[in-house]
Q: 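Below is the structure I would like to discuss, written out as structure tokens.
Position 1 is the first residue of the sequence; numbering continues from there. Not measured: the values here are computed from a predicted model.
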Amino acid sequence: MFNSVRIRLTVWYTVAMTLVLVILSGVTYLVLRQNVVRRADAQAVELADSFLSTVDAEMGDGSKPESVDRGIAAAISEHRFRDVVFLVFSPQGQLLGVSKSDEQREGTPQPSSETLLFSLKPLLSKSNAFHFLHLGPNIYRSYIRHFSIEGDAAILVVLQSLRRQNEFLETLAGTFAIVIPLTIALAAVGGYLLARRSLSPVVAMSDQASHIGAENLHDRLIVQNPRDELGKLAASFNELLDRLDQSFERQRRFVADASHELRTPVAILCGEAEVTLAQEKRTEQEYRESLQILGEEARRLKHIVEDLFTLARADAGQHPLALSDFYLDELAAECSKNVRTLAAAKDIEVTCEARGEVVVRGDEPLLRRMLLNLLDNAIKYTPRAGRVTLRTGEENGCYRLSVEDSGPGIPIELHSRIFERFFRVDKARTRGESDSGGAGLGLAIASWIAEAHGGKLELTHSTSNGSLFTVVLPKAVDKS
């Protein structure tokens with residue numbers, strides 16, 4: 001049951017509301033009860049002052065015992081209040097006088113004089129002036145006042161019944177006992193409905209998300225209010241789906257292109273082998289030609305597989321850099337020499353321009369492969385009798401390498417796709433235009449190598465007179 005967020009929110013809200021109401025009602029009850037007691041005490045003091053003033057006025061100048069008794073009797077006679085009893089004691093605890101309360105009119109009998117005398121006597125000698133008395137079903141508040149009459153000590157006790165105050169407090173407590181549970185019940189129902197309504201978009205998003213799979217990855221969650229938290233959550237989830245959709249699309253395209261690129265050399269290998277085996281007698285030259293074709297296709301197939309393996313390891317983060325210090329200008333010169341045989345087949349001039357010695361720290365085999373891929377790509381798309389130039393140098397605190405060709409250029413609408421895997425500007429090119437044929441992985445691998453060194457590979461410009469690729473590498477390379 002508590003696995004539901006709605007239930008947990010409702011329980012939390014209900015418990016919090018219960019604590020608030022119970023604490024508030026308890027504090028209210030205690031404050032009112034304390035105020036009731038304070039008002040009763042203040043009233044008792046005023047009644048005692050009035051009673052003693054009446055005694056003094058009735059006695060006048062008389063000092064006889066009869067005048068004392070007359071003064072007490074007169075004060076008792078004049079001070080007849082509802083729920084109030086006046087008692088006068090001698091210092092020895094002898095009852096000198098007691099009034100009658102008007103409680104008897106409402107059917108609540110006043111305690112007998114013996115009961116009052118028995119309950120009050122122990123209190124007369126105490127220092128506290130105010131006390132609570134429990135007499136039968138009622139609670140009384142007593143106020144003890146010591147005074148003197150013509151030099152004789154006496155004790156006045158003002159006894160107030162708290163029946164009406166207790167009835168008010170009991171009514172208040174009963175009201176709290178009814179209102180608080182009803183309020184808690186209404187709060188629980190309201191909290192549940194509010195939580196249900198607030199979380200209904202989450203439930204809807206969950207239902208929609210549960211139906212999204214690889215076959216319908218283009219579906220998106222419905223965003224009801226893009227400005228609230230749930231709307232932002234749905235938008236973030238949709239952005240995640242966009243990235244997943246793009247990743248799936250790249251993966252599908254990668255698999256399709258890889259299958260296509262691998263199918264061609266495999267088909268040639270199989271076809272050439274079948275043709276060779278189909279003839280019973282063949283000359284040595286024919287066997288050599290067949291084996292040469294098989295060898296070329298095997299090397300091309302090996303090259304594609306190696307490129308795929310490199311990209312797979314790069315995607316998985318399993319291709320750490322083996323850093324070392326070397327001269328970048330010397331590496332560029334070696335790469336230029338390595339591709340001159342390939343360029344000579346098309347009468348292409350390859351030059352290397354180095355602006356001074358440049359010592360770098362990086363993964364030399366990977367950077368060599370990057371330069372060879374760029375040079376191979378430039379030679380592949382440069383027409384006969386063209387030129388390819390490789391430049392190295394240092395600029396703005398970074399190492400720069402650039403490869404410029406004199407080819408036909410790349411259409412501007414394809415600039416954003418040239419670093420995609422298996423992408424070729426002209427897929428209709430025949431493999432005869434170069435010795436490798438190309439699988440569209442060279443620039444993708446070169447771009448990854450530059451990024452692995454903390455740099456970048458970009459197409460600086462491309463016109464009908466040629467293209468310029470530039471690699472920017474930082475001086476400090478993070479080995480991770």
Q: I want to check something: taking the side chain as every heavy atom from C-beta on, are Leu120 and Leu87 in contact at a cut-off of under 4.5 Å?
A: yes
Q: Using atom types as modelled and distance alone, determine if a side-chain donor or acceptor of Asp405 lies under 3.5 Å from a backbone N or O of Gly407.
A: yes
Q: Which atom names give the shortest non-hydrogen contact between Ala332 and Leu371, and what distance separates them?
A: CA-CD1, 4.1 Å
Q: Can you tell me if CZ on Arg368 sees more than 12 non-hydrogen neighbours from other groups inside 6.0 Å?
A: yes
Q: Should Leu367 and Leu473 count as side-chain neighbours, where that means a heavy-atom distance under 4.5 Å?
A: yes
Q: Which distance, rounded to the nearest 0.5 Å, do you find between the OG of Ser142 and the CG of Leu124?
A: 9.0 Å
Q: Could you please spell out the steps behind the side-chain contact (heavy atoms from CB on, under 4.5 Å) verdict for Val179 and Thr183?
A: CA-CA 6 Å; Val179 172; Thr183 304; 3.6 Å; yes
Q: Can you tell me if Gln160 uses its side chain to pair, donor with acceptor, with the backbone of Ala40 under 3.5 Å?
A: yes
Q: What pairs meet the side-chain hydrogen bond (donor to acceptor under 3.5 Å, both in side chains) rule with one or both residues in residues 37-47, with sequence neighbours excluded?
A: Asp41-Arg141
Q: Do any N or O atoms from the side chain of Asn35 and from the backbone of Val31 form a donor-acceptor pair under 3.5 angstrom?
A: yes
Q: Side chains of Thr470 and Ser402: any donor to acceptor distance under 3.5 Å?
A: no
Q: Would you say CD of Glu229 has more than 12 non-hydrogen atoms from neighbouring residues, nucleotides or ligands within 6.0 angstrom?
A: no
Q: In sequence, state the C-alpha distance, the side-chain angles, and the governing distance for His79 and Ser99, and then conclude on side chain to side chain donor-acceptor pair (under 3.5 Å).
A: CA-CA 8 Å; His79 291 76; Ser99 67; over 6 Å; no
Q: Is a side-chain donor or acceptor of Gln208 paired with a backbone partner of Ile222 at a separation under 3.5 angstrom?
A: yes
Q: Answer yes or no: does atom CZ of Arg33 have more than 12 heavy-atom neighbours from other residues, nucleotides or ligands under 6.0 Å?
A: no
Q: Tell me whether Asn377 contacts the main-chain N or O of Asn373 through its side chain, where contact means a donor paired with an acceptor under 3.5 Å.
A: no
Q: Of the non-hydrogen atoms in Ala75 and Val55, which two are nearest, and what is the gap between them?
A: CB-CG2, 3.5 Å
Q: For the atom pair CD1 (Ile410) and CZ (Arg417), what is the distance rounded to the nearest 0.5 Å?
A: 12.5 Å
Q: What's the spacing between Asp325 CG and Arg361 CZ if we round to 0.5 Å?
A: 5.0 Å
Q: Does Ala73 offer a backbone N or O that forms a donor-acceptor pair with the side chain of Ser77 under 3.5 Å?
A: no
Q: Side chains of Phe147 and Val88, heavy atoms from C-beta outward: is any pair under 4.5 Å?
A: yes
Q: Compare every heavy atom of Asp363 with every heavy atom of His453, then report the nearest pair and how far apart it is.
A: NE2-N, 3.0 Å
Q: Just wondering, do Phe86 and Phe81 contact through their side chains at under 4.5 Å, heavy atoms?
A: yes
Q: Where do Pro91 and Ala153 come nearest, in terms of heavy atoms and distance?
A: CD-O, 3.1 Å
Q: Find the distance between CD1 (Ile418) and CG (Leu459) and round it off to the nearest 0.5 Å.
A: 4.5 Å
Q: So with a 6.0 Å cut-off around CD of Gln94, is the heavy-atom count from everything else above 12?
A: no
Q: Are any of the side-chain heavy atoms of Leu241 and Ile212 separated by less than 4.5 Å?
A: yes
Q: Run Leu156 and Phe89 through side-chain contact (heavy atoms from CB on, under 4.5 Å) and show every step you take.
A: CA-CA 6 Å; Leu156 172 64; Phe89 292 90; over 6 Å; no
Q: Mind checking ring pair (Phe, Tyr, Trp, His ring centres under 6.0 Å) for Tyr143 and listing every partner two or more places apart, or none if nothing turns up?
A: Phe130
Q: Using salt bridge (Lys or Arg N to Asp or Glu O under 4.0 Å) as the criterion, list what pairs up with Arg299, not counting sequence neighbours.
A: none
Q: With rounding to the nearest 0.5 angstrom, report the CG to SG distance, Asp376 to Cys335.
A: 11.5 Å
Q: Within a reach of under 6.0 Å around CD1 of Ile412, are more than 12 heavy atoms found that belong to other residues, nucleotides or ligands?
A: no
Q: If I compare all heavy atoms of Thr10 with all of Ala195, which pair ends up nearest, and what's the gap?
A: OG1-CB, 4.4 Å
Q: Please state whether the rings of Phe419 and Phe469 are parallel, tilted or perpendicular, taking 30° and 60° as the class boundaries.
A: perpendicular
Q: I'd like to check the salt bridge (Lys or Arg N to Asp or Glu O under 4.0 Å) partners of Arg400; sequence neighbours left out, ordered by chain and number.
A: Glu395
Q: More than 12 non-hydrogen atoms from neighbouring residues, nucleotides or ligands closer than 6.0 Å to CZ on Phe326, yes or no?
A: yes
Q: Evaluate Tyr399 against Lys475 for side-chain contact (heavy atoms from CB on, under 4.5 Å), listing each step before the verdict.
A: CA-CA 7 Å; Tyr399 303 120; Lys475 289 187 175 182; 3.7 Å; yes
Q: Say you draw a straight line from CZ of Arg220 to CD of Glu239; how long is it, rounded to the nearest 0.5 Å?
A: 10.5 Å
Q: Evaluate the side-chain contact (heavy atoms from CB on, under 4.5 Å) criterion for residues Thr14 and Val11: first the C-alpha distance (whole Å), next the side-chain angles of each, then the deciding distance (0.1 Å), finally the verdict.
A: CA-CA 5 Å; Thr14 303; Val11 171; 5.7 Å; no
Q: Side chains of Tyr140 and Val85: does their closest heavy-atom pair fall under 4.5 Å?
A: no
Q: For Ser467 and His461, which I'm curious about, is there any donor-acceptor pair between the side chains at under 3.5 Å?
A: no
Q: Which residues pass the side-chain contact (heavy atoms from CB on, under 4.5 Å) test with Asp49, not counting sequence neighbours?
A: Val45, Arg145
Q: Holding to side-chain contact (heavy atoms from CB on, under 4.5 Å), I want the full list of residues that pass it with Ser210, two or more places apart in sequence or in another chain.
A: none
Q: What closest approach, in Å, do Ala452 and Leu321 show between heavy atoms, and which atom pair accounts for it?
A: O-CD1, 3.2 Å
Q: Using side-chain heavy atoms (C-beta onward) and a distance below 4.5 Å, is Tyr192 in contact with Leu9?
A: no
